[in-house]
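Before any comments, here is the structure.
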Amino acid sequence: MDRRGFIGGAGLATITYAGASVPVGISRAFAQARAPGDEHVWMAPSRVTLFQSFMTVAEAKGWFREEGVNVKVQPGTGTAAAVQQVATGGTAFGMAAPVATCGPIADQDAPIVTIGQVAYRGFFEIASRADRPLRHPRDFQGKTIGILSVGGTTDLQLDAMSIAVGLDPSKVRKVVTGIGLTGLPMLMRGDIDGFFVFYESKTALERDRAPLHYLPGDDFAPMPGDALITGRAFAEDPRNEQAIIRFLRGARRGVEYMQDERNFDDIVAVLKAYNPIEAQDAEKGRRILSVLRGYMQPPAGMKRLRMDEAAWARCIELLEKIDVIKKKGVPHARFYTNRFVDQA
């Protein structure tokens with residue numbers, strides 16, 4: 001981590017995530033409250049995808065305005081950029097998983113805080129041949145696994161899966177297979193023994209009936225998935241409390257809309273205005289939305305968007321073990337808060 005971190009007042013801030021440090025000018029308006037009618041931008045961690053449909057339908061159907069807050073959905077260029085924009089006041093809200101936010105918060109005092117959980121499970125699984133399945137991290141020892149990128153979430157989670165069961169992660173070889181399906185021919189040729197997939201690539205592989213076994217990373221290294229974030233100063237200003245609560249109410253309406261398969265065609269149609277390429281294949285969209293429901297399901301009896309405190313505690317402990325968090329013992333309240341979602 002770049003320990004120059006965040007500096008007060010005007011000047012530059014730097015967050016280091018997945019090996020990249022990007023300076024961003026700090027907005028002087030960051031700590032200032034906005035009037036209720038002002039626009040609050042939510043920046044996606046990438047292009048807007050079906051996973052972010054809870055935001056697109058809430059904006060398109062006017063649910064944020066009905067709740068009394070003006071929210072604009074904006075595509076992003078990557079998780080690091082979205083986190084930085086929130087941290088420096090460029091946008092009011094964003095989305096990132098704890099694996100992306102906890103390190104900068106603990107080690108750089110990044111002024112961000114998680115305010116709502118969207119995915120309660122991590123998206124990544126290891127695909128292996130059905131006749132040579134990888135069922136446990138001990139099966140990785142001495143083997144070669146394809147990761148999405150060096151220093152990214154799957155790189156970290158692969159190490160975490162070994163460490164979680166007392167194994168040496170250095171005994172596992174890694175190659176980059178990327179986010180698509182390039183790992184499949186490498187697997188079938190025997191170049192690798194497994195490769196990471198996420199919900200979209202797994203959906204495509206299952207559609208093509210590829211003979212594969214899937215091992216969820218969460219089975220051994222559980223990490224809550226993507227969550228809603230805001231700036232710490234924005235959250236701590238009491239004048240912004242109602243805007244945050246209303247934002248979460250609108251987002252929850254969107255999440256609940258995504259749970260009913262009768263809404264799938266409508267959700268794909270709404271996405272056309274945000275990402276016409278992904279919205280071209282309605283059948284694929286329905287399959288992806290069906291899969292996403294499982295990731296977005298909170299534990300029994302838990303209110304949607306509320307952080308699972310036990311899961312976060314396990315995740316933080318694991319991130320400390322694999323040195324994503326170098327400064328140990330930071331209070332959990334610094335990483336997330338349920339104060340707003342409990343009022344939403």
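The closest side-chain heavy-atom distance from F140 to L167 is not below 4.5 Å. By the 4.5 Å heavy-atom criterion applied to side chains, L318 and M223 are counted as neighbours. D193 places none of its side-chain heavy atoms less than 4.5 Å from the side chain of R132. In this structure, the side chains of R286 and L289 stay at 4.5 Å or more apart for every pair of heavy atoms.
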Exercise. Applying side-chain contact (heavy atoms from CB on, under 4.5 Å), run through V341 and R252 and close with a yes or a no.
Key: CA-CA 10 Å; V341 76; R252 182 185 289 122; 3.4 Å; yes
Practice problem: Apply the test side-chain contact (heavy atoms from CB on, under 4.5 Å) to residues F247 and F340: give CA-CA distance (whole Å), side-chain angles for both, the deciding distance (0.1 Å), then the verdict. | Solution: CA-CA 10 Å; F247 165 75; F340 302 107; over 6 Å; no
Practice problem: Determine, stepwise, if the pair C102 / E320 fulfils side-chain contact (heavy atoms from CB on, under 4.5 Å). | Solution: CA-CA 10 Å; C102 289; E320 289 179 343; over 6 Å; no
Exercise. Apply salt bridge (charged side-chain N to carboxylate O under 4.0 Å, His left out) to D218 and R314, showing your working.
Key: CA-CA 11 Å; D218 269 15; R314 291 192 299 270; over 6 Å; no
Quiz item: What's the verdict on side-chain contact (heavy atoms from CB on, under 4.5 Å) for W42 and L228, showing C-alpha distance, side-chain angles and the deciding distance?
Solution: CA-CA 9 Å; W42 174 83; L228 298 167; 3.5 Å; yes
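Under a cut-off of 6.0 angstrom, the local environment of NZ in K328 is crowded, with over 12 non-hydrogen atoms contributed by other residues, nucleotides or ligands. Atom CZ of R293 has more than 12 heavy atoms from other residues, nucleotides or ligands within 6.0 Å. More than 12 heavy-atom neighbours from other residues, nucleotides or ligands sit within 6.0 angstrom of CZ on R339.
Between the side chain of N338 and the backbone N or O of M307, at least one donor-acceptor pair lies under 3.5 Å. Listed for the N70 side chain is no donor-acceptor partner under 3.5 Å among the backbone atoms of H40. Side-chain N or O atoms of R304 include one that pairs as donor or acceptor with a backbone N or O of M296 at under 3.5 Å. Remark: the backbone N or O of L50 is paired with a side-chain donor or acceptor of S53 at under 3.5 angstrom. Checking side-chain atoms of T154 against main-chain N and O of F196 turns up no donor-acceptor pair under 3.5 Å. D139 places a side-chain N or O within donor-acceptor distance of the main-chain N or O of H136, the cut-off being under 3.5 Å.
Listed by chain and residue number, D191 satisfy the side-chain hydrogen bond (donor to acceptor under 3.5 Å, both in side chains) test with R189 (two or more places apart in sequence, or in another chain). Every residue two or more places apart in sequence or in another chain that forms a salt bridge (charged side-chain N to carboxylate O under 4.0 Å, His left out) with R334 is listed here: D109. The side-chain hydrogen bond (donor to acceptor under 3.5 Å, both in side chains) search around D260 returns R262, not counting sequence neighbours. With sequence neighbours excluded, the residues forming a side-chain hydrogen bond (donor to acceptor under 3.5 Å, both in side chains) with D342 are R306, listed by chain and number.
A ring-centre distance under 6.0 Å is found for F51 and F123.
Under the 30°/60° scheme for interplanar angles, the aromatic rings of F234 and F93 are found to stand perpendicular.
Screening R249, K61, R253 for a side-chain hydrogen bond (donor to acceptor under 3.5 Å, both in side chains) involving E66 leaves a single residue, R253.
Each side-chain hydrogen bond (donor to acceptor under 3.5 Å, both in side chains) pair with one or both residues in residues 114-123, not counting sequence neighbours, appears once here: Q117-W312.
Under a 4.5 Å side-chain heavy-atom cut-off, the cluster of Ile, Leu, Val, Met, Phe, Trp and Tyr residues that includes L205 is completed by V175, L181, L184, M186, L187, M188, I192, F195, V197, L212, Y214.
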